[in-house]
Amino acid sequence: MSFRFHDSLTREVRTFEPAEPGVVRMYNCGPTVYSHVHVGNLRSNVCWDVLRRALELGGYRVRQIMNITDVGHLTVDDVADAAGEDKMEFAARREQLDAWGIAAKYTAYFHDVRRKLNVRDAEQYPHATAHIPEMIAHIEELIRSGHAYVTPVGNVYFAVSTFPAYGRLSGNTVEELDAGARIEVLEEKRDPADFALWKRDDKHQMQWDSPWGRGFPGWHIECSAMARKYLGDTLDIHTGGEDNAFPHHECEIAQSEALTGRTFARFWLHTRFLLVDGQKMSKSKGTMYVVEDVEARGFAPRVLRYYLLSAHYRAPMNFTWDALTAATESVRGFDAMVRRVTPDAVAPNDPAVAVACAKADKDFLAALEDDLNISAALAAVHELRGAMNKVSAFSPADAARAWGTIDRIDSVLGLGLRDAAKPQDLGDADVQRLIDERNAARKARDFARADQIRKDLLAKGIVLEDTPQGVKWRRV
RNA sequence: GGCGGCGUAGCCAAGUGGUAAGGCAACGGAUUGCAAAUCCGUCACUCCCCGGUUCGAUCCCGGGCGCCGCCUCCA
């Protein structure tokens, strides 16, 4: 068996084999660090984290690189007056920090949140600002080979006409872009579709010396330069949000392939946007939720992770609080399953355990190999859950076998099921005393008293479960 | 206007040319002092609509309707 992925460039699902056997070179377009990453950003982070983990479960070594875009880049963002203010500078003015301070602050925030959602560390997180020399070298090479030109004022543009394949990824053509009239038409450009590699601007907060004067790099060049530096001329997988396909990835392909003459990325994977209540997230509607908003509603980060990974990466997903409630139930169900899987020295082996585990292992991976069919993969986990819940007691051998399967599954889902299975520490002598008191009341058949204690504990978020093995409890 | 995606039970959501996985919710039952948890069972006969191809289509083709995204440096 092998993985199959949908490649945005060819618009078909193809069998995936990395260029170098056993090693996958993956580049993820990362965050622009000028504000808080929101749940939409997190969806793509979780998707690519699951992809990376799935590839690892499949036996590959994954070299994952994610860029941090800490150079501002021209945009009007929410600024009404189209003055072309830099995002980083806009944020800086708002928060009275300089552009570098903003980048540092939100980079740290990004990593904090990412870790909360158990998104594993990539091999490297190269910062754009730390790779200006590489970008300049890349641009110089493009100028030398005739793919880029310098204007009289010292701006450098990529000449789209020198790269016939431009537009293949997005389905746009240079002619249609001309008609669009939405792109910047500047006299100094040879073709309206030409895009900036270097902008000269000595008023920009972030600026560097270059052969063309002090200025800053165009947005697209950082990924081409950094991907090449860390992973080489050809990537196996390049990912991003659906919005990145054009213009960003289109431009990356042009810049990289014009330079190397080699395929830049063998597979392009794009996630669809996360909608909120059926609509695109919007700052003005207050639907750009961040992790703290989710936690404030009482949902744990691992529930958010489960929710975000529970839909196919290439399908639009609609974020609602009800959906998170349903996700909570699913996670609780998994937790309940794993807590049952404890070795019992006197229990006999149950052949059903081996059968169910083998099936779950097989079905889970096979589903992921099929263009990350997460729904089918989760169905396999639910099937395992049902089978495990029917086992009355696990022999040490069965428990070990079951945990092997659970660990493999959780190596991809990342829900921390090992931790969920650990006996919880009451940490509160008063609570334990109440449970003891309730047990005494039950023994004395004073059920009114027993139920009152249970109700009081529930009010504190503690649920009691009377089992043949004694009273168990968990937090809501 | 150009490009692309989607429309499956109350909700989320797989999937196949031969009559619809899974989850959540709901309901019935077992179990329980009562609960919780767990187990068993029930829950789509227009898979948006209309045509066509076919022995047969939810899945293929054509046409609609509806929703969404990109073309604006938002993942």
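Numbers restart at 1 for each chain; the letters A, B, ... are given by sequence-line order, proteins then strands.
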Measure the spacing between OH of A:Tyr27 and CG of A:Leu231 and express it to the nearest 0.5 Å. 9.0 Å

For A:Asp371, the side-chain hydrogen bond (donor to acceptor under 3.5 Å, both in side chains) test, sequence neighbours excluded, returns A:Tyr313, A:Arg314

Sequence neighbours excluded, which residues qualify as ring pair (Phe, Tyr, Trp, His ring centres under 6.0 Å) partners of A:Tyr125? A:His111

What integer distance in Å separates A:His6:NE2 from B:G4:P? 12 Å

Between A:Leu275 and A:Gly240, whichever has its closest RNA chain B nucleotide further toward 5' is A:Leu275

Taking side-chain hydrogen bond (donor to acceptor under 3.5 Å, both in side chains) as the test, write out the residues that go with A:Asp344, two or more places apart. none

Using the C1' atom as the point on both nucleotides, what is the distance between B:A13 and B:U31, in whole Å? 32 Å

Using whole Å, what does the distance between atom P of nucleotide B:C67 and atom CG of A:Asp277 come to? 17 Å

C1'-based separation of B:A57 from B:C45 [nearest Å]: 15 Å

When the C1' atoms of B:G15 and B:C40 are considered, how many whole Å apart are they? 27 Å

In whole angstroms, how far is the C1' atom of B:G23 from the NE2 atom of A:His312? 18 Å

Run the salt bridge (Lys or Arg N to Asp or Glu O under 4.0 Å) test against A:Arg43 and tell me which residues pass, sequence neighbours left out. none

Contact class for A:Leu42 (heavy atom, under 4.0 Å): base, sugar-phosphate, or nothing? nothing

Centroid-centroid distance, A:His36 to A:Tyr106, less than 6.0 Å: yes

Can you tabulate the close N/O pairs, meaning under 3.5 Å, that link protein atoms to atoms of nucleotides 17-19 of chain B?
none

Could you tell me the separation between the CG atom of A:Asn244 and the C1' atom of B:G69, rounded to a whole number of Å? 13 Å

If you measure from the P atom in B:G7 to the same atom in B:C11, how many Å do you get, rounded? 15 Å

Assign A:Gln279 to base, sugar-phosphate, or nothing according to its heavy-atom contacts below 4.0 angstrom with the strands shown. sugar-phosphate

Say we look at B:G23 and B:G41: how far apart would their P atoms be, to the nearest angstrom? 12 Å

Mind checking who B:G69 pairs with, Watson-Crick or G-U wobble, both distances under 3.5 Å? B:C3

Base, sugar-phosphate alone, or nothing: which one does A:Arg314 contact when heavy atoms must sit under 4.0 Å apart? nothing

Please tell me whether A:Glu252 and A:His248 have a donor and an acceptor in their side chains that are separated by less than 3.5 angstrom. yes

Taking the P atom in each of B:A21 and B:C47, what is the distance between them to the nearest angstrom? 15 Å

Separation of the P atoms in B:A37 and B:C24, to the nearest angstrom: 11 Å

Here the residues of residues 114-123 of chain A within 4.0 Å heavy-atom distance, strictly under, of RNA chain B are none

Say you pick atom P in B:A35 and the same atom in B:C48; how far apart are they, in whole Å? 41 Å

Ring pair (Phe, Tyr, Trp, His ring centres under 6.0 Å) partners of A:Tyr230, counting only residues at least two apart: A:His131

Between A:Arg340 and A:Ser44, which residue's closest nucleotide on RNA chain B lies nearer the 5′ terminus? A:Arg340

How does protein contact run along nucleotides 24-36 of chain B, one letter per nucleotide 5' to 3', with B for base contact, S for sugar-phosphate only, - for none, heavy atoms under 4.0 Å? SS-------BBBB

Checking base pairs now: Watson-Crick or wobble, both atom distances under 3.5 Å. What partners B:U38? B:A30

Would you mind classifying the nucleic acid contact of A:His38 as base, sugar-phosphate or nothing, using non-hydrogen atoms under 4.0 angstrom? base

Of all residues at least two apart in sequence or in a different chain, which pass the salt bridge (Lys or Arg N to Asp or Glu O under 4.0 Å) check with A:Arg408? A:Asp361

Using a strict 4.0 Å threshold on nitrogen-to-oxygen distance, state whether A:Arg438 and A:Asp456 make a salt bridge. no

Describe the nucleic acid contact of A:Met317 in one word from base, sugar-phosphate, nothing, applying a heavy-atom distance below 4.0 Å. nothing

Rounded distance (Å) that lies between atom P of B:U38 and atom CZ of A:Phe394: 14 Å

note: A:Asn373, atom CG; B:G23, atom P; distance rounded to Å ~ 15 Å

Considering just the side-chain nitrogens and oxygens of A:Asn318, establish if one lies under 4.0 Å of OP1 or OP2 belonging to B:C12. no

Selection residues 372-395 of chain A - residue pairs positive for salt bridge (Lys or Arg N to Asp or Glu O under 4.0 Å), sequence neighbours left out: A:Lys359-A:Glu383

Does a side-chain N or O of A:Asn389 approach OP1 or OP2 of B:C39 to a distance below 4.0 Å, or not? yes

Would you mind pulling out the nucleotide paired to B:C24, Watson-Crick or G-U wobble, both distances under 3.5 Å? B:G10

With sequence neighbours left out, which residue pairs that include part of residues 360-390 of chain A fulfil the ring pair (Phe, Tyr, Trp, His ring centres under 6.0 Å) condition? A:Phe334-A:His382

Mind checking A:Lys280 for me? I need base, sugar-phosphate or nothing, with any heavy atom below 4.0 Å counting as a touch. base

Among side-chain atoms of A:Thr69 and A:Asn67, is any donor-acceptor pair under 3.5 angstrom? yes

Here the distance between atom P of B:G7 and atom CZ of A:Arg272, to the nearest Å, is 11 Å

Base paired to B:G51 (Watson-Crick or G-U; both N/O distances under 3.5 angstrom): B:C61

For A:Asp243, all residues meeting salt bridge (Lys or Arg N to Asp or Glu O under 4.0 Å), sequence neighbours excluded: none

Determine the contact category for A:Gly40: base if any of its heavy atoms lies under 4.0 Å from a base atom, sugar-phosphate if only primed atoms, P, OP1 or OP2 are that close, otherwise nothing. base

Length of the line joining A:Phe364:CZ and B:A21:C1', which is rounded to integer Å: 16 Å

